[in-house]
> 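Dumping the structure here so I can ask a few things about it.
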Number of protein chains: 2
Amino acid sequence: METLDTVPDEDFLRLDHQICFSLHAATRAFNGVYREALKELGLTYPQYLVMLVLWEHGELPVKGIGERLRLDSGTLSPLLKRLEAAGHVERRRSPEDERSVTVRLTADGTALREKALAVPRRIAAATGLEVAEIVDLRERLDALAARLDAVDPDDLGSCATGA
Amino acid sequence: METLDTVPDEDFLRLDHQICFSLHAATRAFNGVYREALKELGLTYPQYLVMLVLWEHGELPVKGIGERLRLDSGTLSPLLKRLEAAGHVERRRSPEDERSVTVRLTADGTALREKALAVPRRIAAATGLEVAEIVDLRERLDALAARLDAVDPDDLGSCATGA
DNA sequence: CACTATTAAGTTGTGCACAACTCAATCGCG
DNA sequence: CGCGATTGAGTTGTGCACAACTTAATAGTG
């Protein structure tokens with residue numbers, strides 16, 4: 001089997017070009033298709049991800065949403081404000097812990113779920129993949145992300161110097 | 001085999017949640033690792049992608065870069081200005097066609113390639129994947145992106161209404 | 001109890017993605 | 001040739017991602 005060590009630096013840079021680009025392109029292609037499909041719902045793709053989490057849990061603190069989507073408050077705060085302005089969610093300080101803000105679906109936000117049900121099936125159909133393939137791809141991506149998340153930053157700092 | 005039609009809407013929304021999130025998370029995990037590795041080069045991940053293209057072609061019009069990375073001038077113009085300010089590239093109007101701007105590597109930008117050679121190998125090692133797996137994943141992502149890019153927007157517009 | 005450390009959310013600043021637009025250069029057709 | 005259509009860059013505005021920071025509330029320790 002061809003291992004990493006047998007590939008020269010030059011080819012590696014080309015390979016890197018390709019995998020970087022592929023992941024980047026696939027994400028943006030997904031984004032583009034979702035953008036179109038979600039237009040009628042008045043949601044962006046990240047807003048849709050937040051709504052998916054809320055449809056599953058009904059009510060969550062900002063922190064809980066952030067943990068599930070790996071987004072920090074710097075991203076979520078303005079996004080949630082926009083969802084609130086659109087009437088999809090309510091935000092209120094938790095009585096038990098005044099630091100925490102609970103995000104809850106409004107009737108409007110709950111109703112939006114019905115409209116959203118048709119979206120993923122169309123998208124999946126557009127990919128031309130079977131359920132098993134989708135699940136497989138998902139598992140590979142999750143494994144990849146887990147590996148990358150576990151990387152010690154100190155192991156990469158010296159990349160640039162080739163040390 | 002389980003086909004798309006046998007999965008109820010409810011499960012589909014959950015499945016969607018997962019594949020959306022997985023792709024999103026994998027991209028951001030990749031971004032995070034690259035951000036760290038590229039810090040010493042003074043490049044962001046998208047800037048690195050542009051440099052990869054330039055290292056391969058030496059000199060390209062803005063349009064050529066955009067075609068290869070599927071980015072428009074709205075994204076590239078400011079990004080290229082920053083690369084120019086950093087001294088990595090030069091931009092000049094093409095003499096043959098005054099509309100076109102040619103982007104060319106400076107000596108500094110060319111030299112940066114040597115430093116960059118070590119980066120992808122480290123990243124690949126961090127993923128824990130063999131070359132064959134990387135290539136396979138890349139092919140799947142490319143196929144997925146191609147499928148999604150080919151989707152007719154009109155086929156998605158009616159998603160929301162379930163028509 | 002007082003005081004420090006930690007935690008949750010929000011703010012600010014930078015950079016990317018993309019839609020919609022402007023402007024100038026070029027093309028192409030009558 | 002003249003003139004409308006197209007093309008290539010660039011600008012503007014919105015939204016997301018993330019680092020660094022602020023603020024207020026809570027937890028933990030002596």
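Numbers restart at 1 for each chain; the letters A, B, ... are given by sequence-line order, proteins then strands. The shown structure was predicted, so the numbers you read here are calculated from the model rather than taken from an experiment.
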> Are there any protein N/O atoms within less than 3.5 Å of an N/O atom in nucleotides 20-29 of chain D, and if so, which ones and at what distance?
residue	atom	partner	partner atom	Å
dT26(D)	OP1	E98(A)	N	3.2

> Atom CG of L79(A) to atom P of dC18(D): distance rounded to whole Å?
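The distance from CG of L79(A) to P of dC18(D) comes to 13 Å, rounded to the nearest Å.
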> Over how many whole Å does the gap from L80(A) atom CG to dG15(D) atom P extend?
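Answer to the nearest Å: 14 Å.
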> Calculate, to the nearest 0.5 Å, the distance between atoms CD and CG belonging to E59(A) and L54(A) respectively.
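One finds 9.5 Å between CD of E59(A) and CG of L54(A).
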> Quick one: salt bridge (Lys or Arg N to Asp or Glu O under 4.0 Å) partners of R35(A), sequence neighbours excluded?
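With sequence neighbours excluded, R35(A) shows a salt bridge (Lys or Arg N to Asp or Glu O under 4.0 Å) to no residue whatsoever.
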> Give the nucleotide from the list dA17(C), dG10(D), dA9(C) with an atom nearest to the side chain of L71(B).
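Shortest atom-to-atom distance from the side chain points to dA17(C).
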> Look at the side chain of T44(B) and decide which nucleotide, out of dG10(D), dT11(C), dG15(C), has an atom nearest to it.
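From the listed options, dG15(C) comes nearest.
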> Taking salt bridge (Lys or Arg N to Asp or Glu O under 4.0 Å) as the definition, give me every residue that meets it alongside R91(B), ordered by chain and number, with sequence neighbours left out.
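With sequence neighbours excluded, R91(B) shows a salt bridge (Lys or Arg N to Asp or Glu O under 4.0 Å) to E84(B), given in chain and number order.
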> Send over the distance from N31(A) CG to dT14(D) C1', rounded to a whole Å.
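Whole-Å distance recorded here is 15 Å.
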> For S100(B) and S94(B), test the side chains for any donor-to-acceptor distance below 3.5 angstrom and give the result as yes or no.
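No.
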> Measure the distance from CZ on R28(B) to P on dG15(C) and round it to the nearest whole Å.
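Answer to the nearest Å: 20 Å.
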> Pick the closest DNA chain C nucleotide for V101(A) and for H24(A) by heavy atoms, then say which residue is nearer the 5' end.
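Counting from the 5' end, the first nearest nucleotide belongs to V101(A).
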> If you pin R91(B) and Q47(A) to their nearest nucleotides in DNA chain D, which one's is more 5'?
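It is R91(B) whose nearest nucleotide is closer to the 5' end.
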> Quickly work out the I65(A) CD1 to dG10(C) C1' distance and round it to whole Å.
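After rounding, the gap between these two atoms is 15 Å.
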> Using a cut-off of 4.0 Å on non-hydrogen atoms, how would the nucleic acid contact of P61(B) be classed: base, sugar-phosphate, or nothing?
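Contact class for P61(B): sugar-phosphate only.
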> Could you check whether K81(A) gets within reach of a base, just the sugar-phosphate, or nothing at all, counting any heavy atom under 4.0 Å?
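Since only primed, P, OP1 and OP2 atoms lie under 4.0 Å of K81(A), the category is sugar-phosphate.
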> With sequence neighbours left out, write down each residue that passes salt bridge (Lys or Arg N to Asp or Glu O under 4.0 Å) with E67(B), or none if nothing qualifies.
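Partners of E67(B) under the salt bridge (Lys or Arg N to Asp or Glu O under 4.0 Å) test: K63(B).
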> Taking only the side-chain heavy atoms of T75(A) (C-beta and beyond), determine which of dC18(C), dG15(C), dA17(D) contains the nearest atom.
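Side chain of T75(A) sits closest to dA17(D).
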> Just jot down the side-chain hydrogen bond (donor to acceptor under 3.5 Å, both in side chains) partners of R28(B), sequence neighbours excluded, or say none.
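Checked R28(B) against side-chain hydrogen bond (donor to acceptor under 3.5 Å, both in side chains); zero matches.
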> How close or far is atom P of dC18(D) from atom OH of Y45(B), stated in whole angstroms?
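Spelled out: OH on Y45(B) to P on dC18(D) is 13 Å.
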> Return the orientation label for the Y34(B) and Y45(B) ring planes: parallel under 30°, perpendicular over 60°, tilted otherwise.
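Geometry flag for Y45(B) against Y34(B): tilted rings.
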> Base, sugar-phosphate alone, or nothing: which one does L76(B) contact when heavy atoms must sit under 4.0 Å apart?
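Nothing, no heavy atom under 4.0 Å.
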> Within this structure, what is the CD-to-P distance between E67(B) and dT7(D), rounded to whole angstrom?
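Atom CD in E67(B) sits about 12 Å away from atom P in dT7(D).
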> Could you please name the option among dG15(D), dA17(C), dG10(C) that lies closest to any side-chain atom of P46(B)?
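Of dG15(D), dA17(C), dG10(C), dA17(C) is nearest to the side chain of P46(B).
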> Looking at residues at least two apart in the chain, or sitting in another chain, which of them share a salt bridge (Lys or Arg N to Asp or Glu O under 4.0 Å) with R93(A)?
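None.
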> Of the nucleotides dT11(C), dT11(D), dA9(D), which has the atom closest to the S100(B) side chain?
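Of the candidates, dA9(D) comes closest.
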> In whole Å, I'd like the distance from the CZ atom of R35(A) to the C1' atom of dA20(C).
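One finds 13 Å between C1' of dA20(C) and CZ of R35(A), rounded.
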